[in-house]
Amino acid sequence: MLIEEKLKRCLKDALAKMNVDIDISKIVIERSKEKVHGDFASNIAMQLARELKKNPLLIAEDIVNNLDVESFNKVEIARPGFINFFLKSEALSSIIKTIIDEGDNYGSSTYGENKPINVEFVSANPTGDLHLGHARGAAIGDCICRLYSKIGYNVTREFYVNDAGNQINVLGRSIRARYHQLFGDNIEVPEDGYHAPELLKIAEIMKNEVGDKYLVDSEESETYFKRRGTELELDKLNNDLKNFRVNFDVFSFETDIRAAGGVERVLEGAKQYIYENEGATFLKTTAFKDDKDRVIIKSDGSYTYLLPDIAYHLNKLDRGFTQLVDILGADHHGYIDRMKSSLEMFGYPRSILEIELIQMVRLFKNAEEYKMSKRTGNAIAMRELCEEVGVDAVRYFFVNRAASAHLDFDLDLAKESSSANPVYYAQYAYARLFNVLQNAEDIKLNIDGTGLEHQKEIDLMKHLSLYQKEVLDAALTRAPYKVTVYIQKLASLIHGFYTECRLLDRNNLELTSSRLALCKASMIVLKNALGLIGVSAPEKM
RNA sequence: GUCCACAUAGCUCAGCAGGAUAGAGCAACAGCCUUCUAAGCUGUGGGUCGAGUGUUCGAAUCAUUCUGUGGACGCCA
């Protein structure tokens with residue numbers, strides 16, 4: 001149990017003795033920011049001051065007199081009514097044993113009770129390379145998944161393929177042209193088509209697979225170019241994503257949703273909210289919370305994207321997920337209310353779907369914005385960026401800011417090998433400790449951490465003990481950047497510990513064995529935290 | 001025009017179920033390697049938390065007005 005929880009119970013018990021009944025969730029325990037304020041603090045006395053009509057200092061005194069806590073060697077009252085708790089050093093150093101015992105599992109919790117949660121992200125159209133926005137969505141989405149898993153949810157990573165829209169028709173026509181070109185036919189890629197030379201490779205694969213079979217235009221050949229083209233494009237996206245350490249569990253296809261009658265089901269189920277106007281079919285999303293009703297069937301009879309999208313979300317819910325999360329680009333802002341409102345029509349609470357919007361990424365090189373790739377002349381692709389600076393750096397930088405904040409990605413910094421580069425800084429901390437433990441393989445670790453009294457050691461142990469709470473917080477707020485904040489602080493404490501405390505001293509094996517244990521524990525947590533954002537912990541640098 | 005988000009150190013950003021003297025990294029400046037990786041450490045300076053008003057014991061945090069920036073407002077995805 002977290003120490004905070006223990007403290008809350010102690011406070012509740014103390015208040016009960018004073019005939020004050022309080023809901024335990026109302027008791028707030030904070031980590032003190034200042035050392036003079038101890039390790040933990042509660043403002044409970046000030047909260048109760050009004051209700052009890054009594055000076056908070058007197059209330060605090062009463063509470064302390066009735067308090068029965070272990071693990072602390074001092075409890076102080078400070079104006080205007082804080083109660084400060086000072087942790088015993090044994091209570092602190094016990095964290096080393098906990099971490100080493102739990103190993104890779106340290107930081108996990110069962111908060112999610114194995115409930116199934118679905119996170120949909122990337123969902124790029126299979127018509128070209130993944131660009132920077134997709135890459136950031138992939139990094140953040142994947143980290144959110146890793147976080148949810150860590151706190152005990154059963155997570156499904158899902159990619160939705162819009163393979164029924166017009167862009168697939170365009171893709172089919174573009175590939176058809178490339179395919180014909182391979183046979184010497186002088187057919188140009190349509191003006192509005194996809195001109196990327198990669199399509200030539202796809203056409204070559206097709207030529208190898210089917211020969212000249214589809215040179216004659218027919219419904220069959222059109223379908224082939226579209227279907228097989230989508231598959232091959234998707235393979236390419238998936239390979240890039242795997243290389244980026246993002247692995248999807250499920251790919252859902254719009255065509256499948258439609259074929260299974262998803263659209264009809266929406267039209268039937270939401271019948272009472274559907275009306276016709278000027279030849280188009282509208283969905284009355286304003287009945288819930290949207291600023292205008294939305295067209296779902298255009299006057300030419302085709303669907304807007306919203307209709308199959310609703311069907312798709314219902315499909316996800318049919319599969320038993322108790323929570324859906326969508327990771328979308330910030331330009332989908334208007335999407336939130338209409339989709340949530342649509343799901344409400346089917347009896348679901350708005351909160352069943354949470355939508356995270358990912359803000360734009362801008363690349364900078366030599367302090368100037370860097371838009372186009374010199375090599376391809378197109379917008380920079382995720383693959384290219386990974387080749388340039390490495391997957392570790394890309395993933396780290398992409399989650400290093402709140403998703404809702406614009407991200408300026410400094411290419412020079414990402415490649416720099418210095419403390420200015422947060423990725424190297426953190427990885428270097430790991431490599432340094434690894435090196436020490438390797439030099440001390442023959443020394444037995446003292447996992448009780450006896451004798452660790454140096455300020456650097458204490459600060460480090462305190463931070464290690466915060467890990468589980470930080471992971472839970474980062475997961476529940478879907479904020480991977482909080483993990484990078486934790487990592488930077490941890491790395492900084494490790495470097496300080498390394499510099500000021502001689503870790504391997506064969507003339508003082510007693511202290512050394514405790515310090516090495518702290519090394520080991522720090523490495524476990526650092527590797528674990530880096531793992532949460534999909535960044536490696538190298539043993540040598 | 002309507003709606004939403006944002007505004008904190010020179011730069012990039014944390015902090016915002018109200019709490020103690022507003023933080024971090026970078027940049028700047030000054031120091032630290034005969035010993036485990038200096039890809040490191042230590043120290044210094046740097047702020048009207050965009051502006052005003054309100055709520056309260058207490059406001060960067062909540063409410064409200066204003067200013068500025070970005071985004072969303074299609075029978076687009």
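Chain identifiers are assigned alphabetically (A, B, ...) following the order of the sequence lines, protein sequences preceding nucleic acid strands; residue numbering begins at 1 within each chain. Values in this document were obtained by computation on a predicted structure and should not be read as measured data.
Distance noted for atom C1' between B/G25 and B/G18: 27 Å (whole Å). Between the C1' atoms of B/U67 and B/A22, the separation comes to 24 Å (whole Å). As rounded to the nearest Å, B/G70 and B/U12 have P atoms that lie 15 Å from one another. To the nearest whole angstrom, the two P atoms, one in B/C26 and one in B/G40, are 9 Å apart. Comparing the same atom, C1', in B/U42 and in B/C6 gives a spacing of 37 Å after rounding to whole Å. Atom C1' of B/G10 sits at a distance of 28 Å from the matching atom of B/G71, rounded to the whole Å. Rounded to whole Å, the P atom of B/C33 lies 16 Å from the corresponding atom of B/C41. Distance check on atom C1': B/G46 versus B/U61 gives 24 Å, rounded to whole Å.
Atom pair A/Tyr498:OH and B/U35:C1' shows a separation of 10 Å (rounding to whole Å applied). Protein atom CD1 of A/Ile296 is 13 Å distant from nucleotide atom P of B/A77, rounded to whole Å. A/Asp293 has its CG atom 11 Å from the P atom of B/C75, to the nearest Å. For the pair A/Met541 CE and B/C36 P, the interatomic distance rounds to 18 Å; values are reported in whole Å. Computed from coordinates, the A/Asn400 CG to B/C13 C1' distance equals 9 Å when rounded to whole Å. For A/Arg338 and B/C75, the CZ to C1' distance is 13 Å, given to the nearest whole Å. Look at NE2 on A/His332: it is 10 Å from P on B/A77, rounded to the nearest Å. Following rounding to the nearest Å, A/Asn507 (CG) and B/U35 (P) show an atom-to-atom distance of 16 Å.
Here the side chains of A/Ile336 and A/Leu357 are in contact, with some heavy-atom distance below 4.5 Å. Side-chain contact between A/Lys226 and A/Asn169: present, with at least one pair of heavy atoms (C-beta onward) separated by less than 4.5 Å.
By the rule that a glycosidic angle within 90° of 0 means syn, B/A17 counts as syn. Here B/C33 is in the syn range [glycosidic angle within 90° of 0].
In this structure, of B/A77, B/G40, B/C36, it is B/G40 that holds the atom nearest to the side chain of A/Arg432. For A/Lys292, counting side-chain heavy atoms from C-beta on, the closest listed nucleotide (B/G40, B/A77, B/C73) is B/C73. Of the candidates B/A77, B/U35, B/C41, B/U35 carries the atom nearest the A/Arg502 side chain, counting heavy atoms from C-beta on. Of the candidate nucleotides B/C75, B/A39, B/U42, B/U42 has the atom lying nearest to any side-chain atom of A/Glu500. When each of B/A39, B/C75, B/A14 is scored by its nearest atom to the side-chain atoms of A/Ala402, the top-ranked nucleotide is B/A14. Closest approach to the A/Val295 side chain among B/C75, B/G15, B/A39 is made by B/C75 (side chain taken as heavy atoms from C-beta onward).
Using a 4.0 Å heavy-atom criterion, one finds that A/Phe282 contacts no nucleic acid atom at all. Counting non-hydrogen atoms under 4.0 angstrom, A/Asp337 reaches nothing in the nucleic acid. Heavy atoms of A/Glu539 sit under 4.0 angstrom from at least one base atom. Residue contacts for A/Arg515: at a heavy-atom cut-off of 4.0 Å it reaches no nucleic acid atom on any strand shown. Within 4.0 Å (heavy atoms only), A/Cys519 reaches no atom of the nucleic acid at all. No contact: A/Gln427 has no heavy atom under 4.0 Å from any strand.
Side-chain nitrogen and oxygen atoms of A/Lys456 include at least one within less than 4.0 Å of the OP1 or OP2 phosphate oxygen of B/U42.
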Worked verdict on A/Phe85 versus A/Lys74 for side chain to side chain contact (heavy atoms under 4.5 Å, CB included): CA-CA 6 Å; A/Phe85 301 87; A/Lys74 191 164 65 162; over 6 Å; no

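Position along RNA chain B of the nearest nucleotide to A/Tyr305 versus A/Phe497 favours A/Phe497 as the more 5'-ward residue. Judged by closest nucleotide on RNA chain B, A/Leu407 is the one of A/Leu407 and A/Gln167 placed further toward the 5' end.
The aromatic rings of A/His332 and A/Tyr335 lie perpendicular to each other, with more than 60° between the two planes, well past the 30° mark. In this pair, A/His495 and A/Tyr428 present their aromatic rings tilted. The plane angle is within the 30 to 60° band.
A/Glu354 and A/Arg478 are joined by a salt bridge, as a carboxylate oxygen and a charged side-chain nitrogen come within less than 4.0 angstrom of each other. Under the 4.0 Å criterion applied to side-chain N and carboxylate O atoms, A/Arg506 and A/Asp442 are assigned as salt-bridge partners. Electrostatic pairing of A/Lys316 and A/Asp326 counts as a salt bridge here, judged by a charged N lying under 4.0 Å from a carboxylate O.
For A/Ser299 against B/C75, a side-chain N or O and a base N or O form a donor-acceptor pair under 3.5 Å.
Remark: A/Tyr305 engages no residue in a ring-ring contact (aromatic ring centres under 6.0 Å, His included) (not counting sequence neighbours). The ring-ring contact (aromatic ring centres under 6.0 Å, His included) search around A/Phe251 returns A/Phe159, A/Phe248, not counting sequence neighbours. Remark: A/Tyr486 pairs with A/His463, A/Tyr467 by the ring-ring contact (aromatic ring centres under 6.0 Å, His included) rule, at least two apart or across chains. Residues that satisfy the ring-ring contact (aromatic ring centres under 6.0 Å, His included) test with A/His134, not counting sequence neighbours, are A/His131.
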Letter per nucleotide, 5' to 3', of nucleotides 19-30 of chain B [B base touched, S only sugar-phosphate touched, - untouched; heavy atoms, 4.0 Å]: BB-----S----

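With a 3.5 Å limit on both pairing distances and Watson-Crick or G-U wobble geometry required, the stems of 3 or more pairs in RNA chain B span B:1-7 with B:67-73, B:10-13 with B:23-26, B:28-32 with B:40-44, B:50-54 with B:62-66.
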